[in-house]
Amino acid sequence: MRYIALGPVLRVVFRPRVMGGEHVPEDGPAILASNHVSYADWLFMPLTISRKVTFVAKAEYFNSPGVKGWLQKKFFSGAGQVPIDRSGANAAEGALRTAKRVLASGELFGIYPEGTRSHDGRLYRGKTGVARLALETGVPVIPVAVVGTDVVAPPGKKFGQFTRPHVRYGRPLDFSRYEGMENDRYILRSITDEIMYEIMRLSGQEYVDAYAAVAKETARAERASKREAAEAAEAARDAGGTGQDGTDGSEMTPLPGGRTEPDARAS
(Lines give C-alpha, C1' and ligand atoms only; values in the text may rest on other atoms or scores of the structure.)
Protein backbone atom coordinates (compact mmCIF):
# COMPACT_ATOMS: atom_id res chain seq x y z
CA MET A 1 0.00 0.00 0.00
CA ARG A 2 2.76 2.45 0.91
CA TYR A 3 5.24 1.74 -1.89
CA ILE A 4 3.22 0.23 -4.75
CA ALA A 5 -0.58 0.31 -4.62
CA LEU A 6 -1.56 3.71 -3.20
CA GLY A 7 1.33 5.58 -1.64
CA PRO A 8 3.10 6.63 -4.85
CA VAL A 9 -0.11 8.06 -6.32
CA LEU A 10 -0.90 10.10 -3.20
CA ARG A 11 2.66 11.39 -2.99
CA VAL A 12 2.77 12.48 -6.64
CA VAL A 13 -0.72 14.02 -6.75
CA PHE A 14 -0.96 15.68 -3.33
CA ARG A 15 2.73 15.99 -2.30
CA PRO A 16 2.02 16.01 1.47
CA ARG A 17 4.41 18.11 3.53
CA VAL A 18 5.89 16.97 6.82
CA MET A 19 7.21 19.00 9.73
CA GLY A 20 8.87 17.55 12.82
CA GLY A 21 9.30 14.07 11.37
CA GLU A 22 12.53 13.77 13.35
CA HIS A 23 10.43 13.49 16.53
CA VAL A 24 9.21 10.04 15.47
CA PRO A 25 11.71 7.43 16.76
CA GLU A 26 13.41 5.23 14.20
CA ASP A 27 12.59 2.15 16.24
CA GLY A 28 10.68 1.20 19.37
CA PRO A 29 7.06 1.77 20.38
CA ALA A 30 5.29 5.12 20.50
CA ILE A 31 1.73 6.44 20.43
CA LEU A 32 0.86 8.89 17.64
CA ALA A 33 -2.06 10.96 18.95
CA SER A 34 -3.64 12.95 16.12
CA ASN A 35 -6.50 15.29 15.40
CA HIS A 36 -9.20 13.88 13.12
CA VAL A 37 -10.77 16.14 10.49
CA SER A 38 -11.28 13.69 7.61
CA TYR A 39 -11.48 10.00 6.80
CA ALA A 40 -8.30 10.55 4.73
CA ASP A 41 -6.19 11.35 7.81
CA TRP A 42 -5.02 7.76 8.27
CA LEU A 43 -3.92 7.65 4.62
CA PHE A 44 -1.74 10.76 4.60
CA MET A 45 -0.16 10.64 8.05
CA PRO A 46 1.68 7.31 7.58
CA LEU A 47 2.98 8.47 4.18
CA THR A 48 5.15 11.11 5.81
CA ILE A 49 7.28 8.72 7.87
CA SER A 50 9.17 5.55 7.00
CA ARG A 51 7.68 3.35 9.73
CA LYS A 52 4.39 1.49 9.71
CA VAL A 53 1.57 3.01 11.76
CA THR A 54 -1.18 0.72 13.02
CA PHE A 55 -4.72 1.95 13.70
CA VAL A 56 -7.83 0.15 14.89
CA ALA A 57 -10.86 -0.02 12.58
CA LYS A 58 -14.34 -1.41 13.02
CA ALA A 59 -14.61 -5.16 12.50
CA GLU A 60 -17.16 -4.76 9.68
CA TYR A 61 -14.33 -3.71 7.38
CA PHE A 62 -12.74 -7.14 7.77
CA ASN A 63 -15.61 -9.63 7.83
CA SER A 64 -17.99 -8.45 5.09
CA PRO A 65 -18.97 -11.27 2.69
CA GLY A 66 -18.29 -11.60 -1.03
CA VAL A 67 -15.66 -10.20 -3.35
CA LYS A 68 -16.23 -6.66 -2.13
CA GLY A 69 -15.65 -7.79 1.45
CA TRP A 70 -12.45 -9.58 0.47
CA LEU A 71 -11.12 -6.50 -1.34
CA GLN A 72 -12.11 -4.30 1.58
CA LYS A 73 -10.30 -6.57 4.03
CA LYS A 74 -7.14 -6.54 1.88
CA PHE A 75 -7.27 -2.77 1.57
CA PHE A 76 -7.59 -2.02 5.27
CA SER A 77 -5.10 -4.71 6.28
CA GLY A 78 -2.61 -3.35 3.77
CA ALA A 79 -3.15 0.16 5.10
CA GLY A 80 -2.13 -0.90 8.60
CA GLN A 81 -5.57 -1.29 10.15
CA VAL A 82 -6.47 -4.00 12.64
CA PRO A 83 -10.07 -4.97 13.47
CA ILE A 84 -11.84 -4.07 16.69
CA ASP A 85 -15.42 -4.90 17.59
CA ARG A 86 -16.91 -1.57 18.66
CA SER A 87 -20.29 -2.97 19.68
CA GLY A 88 -21.06 -3.52 23.33
CA ALA A 89 -19.85 -1.96 26.55
CA ASN A 90 -16.30 -3.36 26.34
CA ALA A 91 -15.40 -1.84 22.98
CA ALA A 92 -12.95 0.61 24.59
CA GLU A 93 -11.25 -2.18 26.52
CA GLY A 94 -10.92 -4.20 23.31
CA ALA A 95 -9.25 -1.25 21.59
CA LEU A 96 -6.82 -0.86 24.50
CA ARG A 97 -5.89 -4.53 24.40
CA THR A 98 -5.21 -4.30 20.68
CA ALA A 99 -3.13 -1.17 21.16
CA LYS A 100 -1.07 -2.79 23.91
CA ARG A 101 -0.35 -5.76 21.66
CA VAL A 102 0.85 -3.47 18.87
CA LEU A 103 3.06 -1.44 21.21
CA ALA A 104 4.46 -4.56 22.90
CA SER A 105 5.76 -5.64 19.50
CA GLY A 106 7.70 -2.38 19.23
CA GLU A 107 5.48 -0.71 16.63
CA LEU A 108 3.81 2.68 16.28
CA PHE A 109 0.16 2.92 17.23
CA GLY A 110 -2.05 5.70 15.85
CA ILE A 111 -5.00 7.00 17.85
CA TYR A 112 -7.55 9.80 17.56
CA PRO A 113 -8.24 11.00 21.13
CA GLU A 114 -11.42 12.83 20.03
CA GLY A 115 -12.95 9.45 19.27
CA THR A 116 -14.61 10.54 16.03
CA ARG A 117 -14.10 12.99 13.15
CA SER A 118 -14.69 16.66 13.79
CA HIS A 119 -17.83 17.75 11.91
CA ASP A 120 -16.87 21.43 11.72
CA GLY A 121 -13.08 21.51 11.66
CA ARG A 122 -12.67 22.44 15.32
CA LEU A 123 -10.69 20.41 17.86
CA TYR A 124 -12.78 18.74 20.54
CA ARG A 125 -12.14 17.37 24.02
CA GLY A 126 -10.04 14.21 24.10
CA LYS A 127 -11.13 10.97 25.69
CA THR A 128 -8.86 9.61 28.42
CA GLY A 129 -8.12 6.28 26.73
CA VAL A 130 -4.93 7.71 25.25
CA ALA A 131 -3.71 8.67 28.73
CA ARG A 132 -4.51 5.25 30.16
CA LEU A 133 -2.69 3.60 27.27
CA ALA A 134 0.38 5.79 27.81
CA LEU A 135 0.55 5.05 31.53
CA GLU A 136 -0.09 1.32 31.25
CA THR A 137 2.54 0.82 28.53
CA GLY A 138 5.06 3.48 29.56
CA VAL A 139 5.65 4.58 25.95
CA PRO A 140 5.89 8.22 24.81
CA VAL A 141 3.03 10.07 23.15
CA ILE A 142 3.81 12.04 20.00
CA PRO A 143 1.18 14.71 19.22
CA VAL A 144 0.29 14.94 15.54
CA ALA A 145 -1.67 17.51 13.53
CA VAL A 146 -2.99 16.73 10.07
CA VAL A 147 -4.02 19.87 8.19
CA GLY A 148 -5.80 20.11 4.83
CA THR A 149 -7.29 16.63 4.58
CA ASP A 150 -10.75 18.07 5.29
CA VAL A 151 -10.36 20.00 2.02
CA VAL A 152 -9.23 16.94 0.06
CA ALA A 153 -11.94 14.72 1.57
CA PRO A 154 -14.57 16.82 3.40
CA PRO A 155 -16.75 15.05 5.97
CA GLY A 156 -20.06 13.98 4.47
CA LYS A 157 -18.87 14.36 0.86
CA LYS A 158 -17.31 11.95 -1.61
CA PHE A 159 -15.11 14.52 -3.35
CA GLY A 160 -13.35 17.67 -2.26
CA GLN A 161 -10.83 20.09 -3.67
CA PHE A 162 -7.13 19.85 -4.34
CA THR A 163 -4.77 21.07 -1.65
CA ARG A 164 -1.43 20.04 -0.24
CA PRO A 165 -1.93 18.38 3.17
CA HIS A 166 0.47 19.13 6.01
CA VAL A 167 1.43 16.66 8.74
CA ARG A 168 3.11 18.12 11.81
CA TYR A 169 4.74 16.06 14.56
CA GLY A 170 5.40 17.48 18.00
CA ARG A 171 8.04 16.55 20.53
CA PRO A 172 7.41 13.26 22.37
CA LEU A 173 5.53 13.68 25.64
CA ASP A 174 6.83 11.63 28.59
CA PHE A 175 4.34 10.83 31.35
CA SER A 176 6.53 8.50 33.38
CA ARG A 177 6.15 10.87 36.34
CA TYR A 178 2.59 9.55 36.70
CA GLU A 179 3.60 5.87 36.76
CA GLY A 180 1.15 3.74 38.74
CA MET A 181 -1.61 6.39 38.64
CA GLU A 182 -3.55 5.03 35.66
CA ASN A 183 -6.68 4.62 37.82
CA ASP A 184 -6.76 8.25 38.93
CA ARG A 185 -9.32 9.95 36.70
CA TYR A 186 -7.96 13.40 37.49
CA ILE A 187 -4.50 12.38 36.36
CA LEU A 188 -5.94 10.80 33.21
CA ARG A 189 -7.85 13.99 32.42
CA SER A 190 -4.77 16.15 33.06
CA ILE A 191 -2.62 14.03 30.71
CA THR A 192 -5.29 13.99 28.02
CA ASP A 193 -5.71 17.77 28.20
CA GLU A 194 -1.94 18.22 27.86
CA ILE A 195 -1.94 16.04 24.74
CA MET A 196 -4.89 17.94 23.25
CA TYR A 197 -3.19 21.27 23.96
CA GLU A 198 -0.13 20.18 21.98
CA ILE A 199 -2.34 18.99 19.10
CA MET A 200 -4.15 22.35 19.15
CA ARG A 201 -0.84 24.21 19.09
CA LEU A 202 0.34 22.18 16.09
CA SER A 203 -2.91 22.32 14.12
CA GLY A 204 -4.03 25.87 14.87
CA GLN A 205 -7.59 24.63 15.37
CA GLU A 206 -10.11 26.29 17.62
CA TYR A 207 -10.58 24.18 20.75
CA VAL A 208 -14.01 23.23 22.09
CA ASP A 209 -14.26 21.82 25.61
CA ALA A 210 -16.92 19.26 24.67
CA TYR A 211 -16.85 15.75 23.25
CA ALA A 212 -17.01 15.60 19.47
CA ALA A 213 -19.72 12.92 19.41
CA VAL A 214 -22.00 15.01 21.64
CA ALA A 215 -21.37 18.18 19.62
CA LYS A 216 -22.03 16.31 16.39
CA GLU A 217 -25.35 14.96 17.69
CA THR A 218 -26.35 18.41 18.96
CA ALA A 219 -25.57 19.96 15.57
CA ARG A 220 -27.59 17.22 13.84
CA ALA A 221 -30.57 17.87 16.14
CA GLU A 222 -30.35 21.62 15.52
CA ARG A 223 -30.36 21.10 11.76
CA ALA A 224 -33.37 18.82 12.04
CA SER A 225 -35.17 21.38 14.22
CA LYS A 226 -34.48 24.19 11.76
CA ARG A 227 -35.66 22.02 8.87
CA GLU A 228 -38.89 21.20 10.67
CA ALA A 229 -39.43 24.86 11.53
CA ALA A 230 -38.90 25.86 7.89
CA GLU A 231 -41.32 23.18 6.71
CA ALA A 232 -43.91 24.31 9.27
CA ALA A 233 -43.52 27.95 8.20
CA GLU A 234 -43.93 26.98 4.55
CA ALA A 235 -47.04 24.95 5.36
CA ALA A 236 -48.46 27.90 7.30
CA ARG A 237 -47.88 30.23 4.36
CA ASP A 238 -49.61 27.79 2.02
CA ALA A 239 -52.55 27.46 4.40
CA GLY A 240 -52.80 31.23 4.80
CA GLY A 241 -53.21 31.71 1.05
CA THR A 242 -56.32 29.53 0.84
CA GLY A 243 -59.73 30.21 2.40
CA GLN A 244 -61.43 27.70 4.63
CA ASP A 245 -63.94 27.03 1.87
CA GLY A 246 -61.18 26.00 -0.53
CA THR A 247 -61.11 29.28 -2.49
CA ASP A 248 -58.10 31.50 -2.88
CA GLY A 249 -59.34 33.83 -0.14
CA SER A 250 -60.70 36.64 -2.40
CA GLU A 251 -64.06 38.26 -1.62
CA MET A 252 -67.13 36.98 -3.47
CA THR A 253 -69.73 39.26 -5.12
CA PRO A 254 -73.34 37.96 -5.14
CA LEU A 255 -75.01 37.65 -8.51
CA PRO A 256 -78.70 37.32 -9.39
CA GLY A 257 -80.00 33.88 -8.60
CA GLY A 258 -77.62 33.43 -5.63
CA ARG A 259 -74.55 32.81 -7.78
CA THR A 260 -71.27 34.47 -6.85
CA GLU A 261 -68.08 35.56 -8.57
CA PRO A 262 -64.79 36.91 -7.23
CA ASP A 263 -64.91 40.61 -6.48
CA ALA A 264 -62.38 42.34 -8.69
CA ARG A 265 -61.89 44.91 -5.99
CA ALA A 266 -60.43 42.24 -3.71
CA SER A 267 -57.56 41.72 -6.10
Side-chain angles (χ1 to χ4, degrees), residues 18-37 41-42 45-46 48-56 80 82 84 89-116 118 122-147 166-214:
V18 58
M19 298 174 59
E22 67 276 7
H23 296 314
V24 180
E26 295 182 359
D27 53 48
I31 300 168
L32 301 182
S34 175
N35 63 334
H36 198 13
V37 293
D41 293 337
W42 60 270
M45 189 252 276
T48 58
I49 54 179
S50 59
R51 296 184 61 187
K52 176 185 177 182
V53 182
T54 300
F55 297 87
V56 292
V82 292
I84 177 66
N90 294 323
E93 290 300 324
L96 284 174
R97 285 195 298 270
T98 302
K100 289 178 184 178
R101 187 171 65 250
V102 171
L103 293 170
S105 63
E107 299 180 17
L108 299 176
F109 182 78
I111 189 172
Y112 300 113
E114 293 169 276
T116 186
S118 171
R122 297 187 293 178
L123 184 69
Y124 285 86
R125 194 181 197 199
K127 295 186 176 183
T128 58
V130 62
R132 181 181 298 277
L133 181 61
L135 292 186
E136 292 185 358
T137 60
V139 306
V141 178
I142 301 173
V144 185
V146 184
V147 181
H166 290 205
V167 182
R168 301 166 184 160
Y169 297 90
R171 295 181 180 277
L173 302 176
D174 178 17
F175 298 108
S176 59
R177 62 189 182 278
Y178 298 118
E179 183 179 359
M181 305 177 72
E182 59 270 10
N183 293 321
D184 189 322
R185 61 190 182 95
Y186 295 105
I187 294 297
L188 294 178
R189 172 47 54 194
S190 176
I191 291 173
T192 304
D193 289 345
E194 182 177 343
I195 294 170
M196 298 310 294
Y197 176 81
E198 291 300 317
I199 294 175
M200 179 190 69
R201 189 179 61 81
L202 291 168
S203 68
Q205 292 172 276
E206 176 186 350
Y207 180 76
V208 181
D209 192 21
Y211 291 116
V214 176

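Quick caveat: nothing in here was measured; it's all calculated off a predicted structure. All residue numbers in this chain count up from 1 along the given sequence.
- The salt bridge (Lys or Arg N to Asp or Glu O under 4.0 Å) pairs that include a residue from residues 175-184 are R177-E194, where partners are two or more places apart or lie in different chains.
- Residues that satisfy the side-chain contact (heavy atoms from CB on, under 4.5 Å) test with D209, not counting sequence neighbours, are R125, Y207.
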Item to check | CA sep, side-chain torsions, deciding dist, call: V53, W42, side-chain contact (heavy atoms from CB on, under 4.5 Å) | outcome: CA-CA 9 Å; V53 182; W42 60 270; over 6 Å; no
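- Interatomic distance, H36 NE2 to M45 CE, rounded to the nearest 0.5 Å: 10.0 Å.
- With sequence neighbours excluded, the residues forming a side-chain contact (heavy atoms from CB on, under 4.5 Å) with M19 are R168, listed by chain and number.
- Here the closest heavy-atom approach between residue M196 and residue P113 is recorded as SD-CB, 3.7 Å.
- Using a distance-only test at 3.5 Å, with no hydrogens or angles considered, no donor-acceptor pair links the side chain of R171 to the main chain of G20.
- Inter-residue side-chain proximity for Y112 and I199 is flagged as unmet; no heavy-atom pair is nearer than 4.5 Å.
- Listed by chain and residue number, S176 satisfy the side-chain contact (heavy atoms from CB on, under 4.5 Å) test with D174 (two or more places apart in sequence, or in another chain).
- Taken from CZ in R132 to CG in L96, the straight-line distance is 7.0 Å, to the nearest 0.5 Å.
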Please output the side-chain donor-acceptor pairs of residues 136-146 that fall under 3.5 Å, not counting sequence neighbours, one pair per line with the distance.
| from | atom 1 | to | atom 2 | distance (Å) |
| --- | --- | --- | --- | --- |
| E136 | OE1 | K100 | NZ | 2.4 |
| T137 | OG1 | L133 | O | 2.6 |

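- Contact detail for L103 and A30: the closest heavy-atom pair is CD2-O, 3.5 Å.
- In this structure, the side chains of F55 and P46 come closer than 4.5 Å at one or more pairs of heavy atoms.
- Looking at R185, its side chain never comes within 3.5 Å of a backbone N or O of T128 through a donor-acceptor pair.
- In summary, of the residues considered (I195, V130, L173), a side chain to side chain contact (heavy atoms under 4.5 Å, CB included) with I31 occurs for V130 alone.
- With sequence neighbours left out, the side chain to side chain donor-acceptor pair (under 3.5 Å) criterion links T116 to K216.
- Residues satisfying the side chain to side chain donor-acceptor pair (under 3.5 Å) test with T192, not counting sequence neighbours, are none.
- Scanning for salt bridge (charged side-chain N to carboxylate O under 4.0 Å, His left out) contacts around R201 gives E198, with sequence neighbours left out.
- A distance of 12.5 Å separates OH of Y186 from CE of M181, quoted to the nearest 0.5 Å.
- Qualifying ring-ring contact (aromatic ring centres under 6.0 Å, His included) partners for Y124, counting only residues two or more places apart in sequence or in other chains: H119.
- Side chain of E107 to main chain of T54: no donor-acceptor pair is present (N/O by atom type, distance under 3.5 Å, no hydrogens or angles).
- Two residues are said to be in side-chain contact when any heavy atoms from C-beta on lie closer than 4.5 Å; Y178 and L188 fail this criterion.
- Residues that satisfy the side-chain contact (heavy atoms from CB on, under 4.5 Å) test with E22, not counting sequence neighbours, are absent from this structure.
- Remark: R189 pairs with D193, Y211 by the side chain to side chain donor-acceptor pair (under 3.5 Å) rule, at least two apart or across chains.
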